[in-house]
Amino acid sequence: MKKKVFFPLLILAILVLGIAAYTSPPADSVVLPDANSGPTHKTEAAASAKAAVTIAIGTDLHYLSPDLTDNGEYFQKMMDNSDAKAMLYSEEIIDGFLSEIIRHNPQTLILSGDITFNGEKLSHEGLAKKLEAVEEAGTQVLVMPGNHDLYVETAASFSGDSYILVDSVTAEEFEEIYHAFGFDEALSRDPASLSYTYEVAPGVWALMVDVNTKSSPGAITEATLDWVGTQLEASKDEGAKVLAVSHQNLLSHNYLFSEGYIIGGRNALYDLYIEYGVLCNLSGHMHIQHIAEMEGVIDIATSALSVAPCQYGVLDLYSGGMDYHTERTDFPHAEDAIRMMKERSHRSVLKKIPDASQELQEFYAEINSSYFAGENHLVEWREDLYEELLSGMAFSGLFIQTIYEDGGQNHTERHFDVEDLIVE
């Protein structure tokens, strides 16, 4: 145990409810909801015949070992005054998620960073133990770190009205803990980071790009960029298609959240992805479900598993194209997690507009929740309430405006034609 020190309740610089600041079955058994219904699962008998390879994507799990918290007074106050992660139900969420992965048995599960709450070694060890069952069931797990996973000085355990700092992990310790989940069977390893390539199917490579090194957190180094270029050239020589993966975003999904969210030095990486025809980049980090595209480069940001509605992504690859959609994790307190997020939205409005009507509070909560879930198309916009939020909530008003201007898009599903993609 480390010495107890002051640990502020606001451990993250939260500008907008639920957005985390930088510092800090096979697909044939699932189907996306339409605009008029909630998420549903298809029966196995209604399976799609075209999916040749299915990849599940989980990001921002922020798993906290139950041995590190009693969900006591201090921890609950910290959660009430920080972002919208449903940390009280962390164990439920992870167990529910991994149970679904085991049941549906995709070929690969990608975990794209921030897999622990704040890099606690005990959380990493506990999660790795849970992942063993996934691989034993036949799904290959690929893991990479995010900015909350390595060298975290605020890693802590919580009890009653206090906390104690605990050990985090180094990059070397991360690799040791998760060596069986991508590293051991990698096609290539980057000596300068925890980046690696992995063949997820014949002719399809996952390019796992770690941009959270101790020396250059949040930015790609020249050494790793050179390694990426070498891997893409090798994929071209082998006739393989590449899926890139990062924790931070490759493209801007909202102009308010660029610095600290977009990979530092991403332009050179972006140019390489254009040159070599990378299928898409799978990211997370901002906790929002959103799909961005620029000049043929696609960045799919899957929403945080730890934030209601606790979603994960599913990517189906087949000859001629690929389909992406989200699925919601089923766990005992799922409705409570959604309710807690809405209540945080209500408090956010009341802090800025003390006499806000219940109608205005509910309107903001609807917008915020829908945006995080990628369901902008479900928002019923009211101009009077929209204008009231713009005039009364300063930065949050601008946030709402960006959602309005994004249009009624559905970011929970997308089809991509890839004529030269051959999947067997």
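Each residue takes its place number in the sequence, starting with 1. All values reported here derive from a predicted model rather than from experimental measurement.
- From D190, atom CG reaches atom OG1 of T230 across 9.5 Å, with rounding to the nearest 0.5 Å.
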### Query
Taking it one step at a time, do T221 and T224 satisfy side chain to side chain donor-acceptor pair (under 3.5 Å)?
CA-CA 5 Å; T221 64; T224 295; 3.1 Å; yes
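- S345 approaches N368 most closely through the heavy-atom pair OG-ND2, 3.4 Å.
- No hydrogens or angles considered: a donor-acceptor pair under 3.5 Å links the side chains of D299 and N281.
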### Test salt bridge (Lys or Arg N to Asp or Glu O under 4.0 Å) applied to R339 and E335, step by step
CA-CA 6 Å; R339 174 184 53 79; E335 292 302 318; over 6 Å; no
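- Side-chain contact between D406 and N254 is absent, with no heavy-atom pair separated by less than 4.5 Å.
- Looking at N376 and H411, their side chains come closer than 4.5 Å, going by heavy atoms from C-beta outward.
- Between L305 atom CG and T329 atom OG1 the span is 4.5 Å, to the nearest 0.5 Å.
- The CD1 atom of I220 sits 7.0 Å away from the CD1 atom of I263 when rounded to the nearest 0.5 Å.
- Ring pair Y178/H124 is perpendicular by interplanar angle, where above 60° counts as perpendicular and below 30° as parallel.
- Summarising the local packing, CD of E424 is surrounded by 12 or fewer heavy atoms from other residues, nucleotides or ligands at distances under 6.0 Å.
- Partner Y371 forms a ring-ring contact (aromatic ring centres under 6.0 Å, His included) with one of Y404, F257, F399 and no other, that one being F399.
- Annotation for E383: atom CD counts as buried by contact number, over 12 foreign heavy atoms lying within 6.0 Å.
- Among all heavy-atom pairs drawn from A206 and L142, the shortest one is CB-CD1, 4.0 Å.
- Side-chain atoms of Q231 do not come within 3.5 Å of backbone N or O of T197 as any donor-acceptor pair.
- The six-membered or imidazole ring of H287 lies away from that of F372, with a centre-to-centre distance of 6.0 Å or more.
- Counting heavy-atom neighbours within 6.0 Å of Q76 CD, excluding the residue itself, gives a total above 12.
- A donor-acceptor pair under 3.5 Å is absent between the side-chain atoms of E175 and the main chain of L194, judged by distance alone.
- With a 4.5 Å cut-off on side-chain heavy atoms, L315 and I57 count as touching.
- In this model, a donor atom of one side chain and an acceptor atom of the other lie less than 3.5 Å apart for Y318 and D323.
- Taken from OG in S188 to CG in L207, the straight-line distance is 9.5 Å, to the nearest 0.5 Å.
- The two residues T116 and H148 have their closest heavy-atom pair at OG1-O, 3.6 Å.
- With Y324 as reference, T302 is the one residue of T412, T302, D316 to meet the side chain to side chain contact (heavy atoms under 4.5 Å, CB included) rule.
- Across L251 and V297, no two heavy atoms sit closer than the pair CD1-O, 3.4 Å.
- Listed for the Y273 side chain is no donor-acceptor partner under 3.5 Å among the backbone atoms of I298.
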### Query
Are K236 and E275 close enough, and set up right, to give a salt bridge (Lys or Arg N to Asp or Glu O under 4.0 Å), and what steps lead you there?
CA-CA 11 Å; K236 180 180 178 181; E275 180 181 352; over 6 Å; no
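- The line from CD of Q401 to CD1 of I403 is 11.0 Å long, rounded to the nearest 0.5 Å.
- Using a 3.5 Å distance cut-off with no hydrogens or angles, the side chains of N249 and H285 do not pair a donor with an acceptor.
- Counting heavy-atom neighbours within 6.0 Å of E405 CD, excluding the residue itself, gives a total above 12.
- What you find for S195 and S193 is that their closest heavy atoms are OG-OG, 2.7 Å.
- Under the 4.5 Å side-chain criterion, counting only non-hydrogen atoms from C-beta, F363 is not in contact with E388.
- In this structure, Y261 has its ring center no closer than 6.0 Å to that of H253.
- A heavy-atom distance below 4.5 Å is found between the side chains of M208 and I110.
- Nearest heavy-atom pair across T59 and G113 is OG1-O, 3.8 Å.
- Listed by first and then second residue, the salt bridge (Lys or Arg N to Asp or Glu O under 4.0 Å) pairs that reach into residues 347-371 are E359-R382, sequence neighbours excluded.
- Residues passing the side chain to side chain donor-acceptor pair (under 3.5 Å) test with S90, sequence neighbours excluded: none.
- Within the 4.5 Å cutoff, the side chain of Q289 has no heavy atoms near those of the E375 side chain.
- For the residue pair S306 and D60, no side-chain donor N or O sits within less than 3.5 Å of a side-chain acceptor on the partner.
- Atom CD of E233 has more than 12 neighbouring heavy atoms from other residues, nucleotides or ligands inside a 6.0 Å radius.
- In this structure, I338 and K342 have side chains that are in contact, with non-hydrogen atoms separated by less than 4.5 Å.
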### Query
When you look at E327 and Q311, which way does the side chain to side chain donor-acceptor pair (under 3.5 Å) test go after all the steps?
CA-CA 5 Å; E327 282 292 326; Q311 298 179 151; over 6 Å; no
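- Taking 4.5 Å as the limit, some side-chain heavy atom of I353 sits within range of a side-chain heavy atom of M393.
- Remark: the backbone N or O of D95 is paired with a side-chain donor or acceptor of S99 at under 3.5 angstrom.
- Here the OH atom belonging to Y255 is positioned 6.5 Å from the OG1 atom belonging to T402, to the nearest 0.5 angstrom.
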#### Entry: Candidate pair F181 and E132, rule side-chain contact (heavy atoms from CB on, under 4.5 Å), full reasoning
CA-CA 9 Å; F181 307 118; E132 290 177 5; 4.2 Å; yes
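- For L187, the CG atom is densely surrounded, since the number of other residues' heavy atoms within 6.0 Å is greater than 12.
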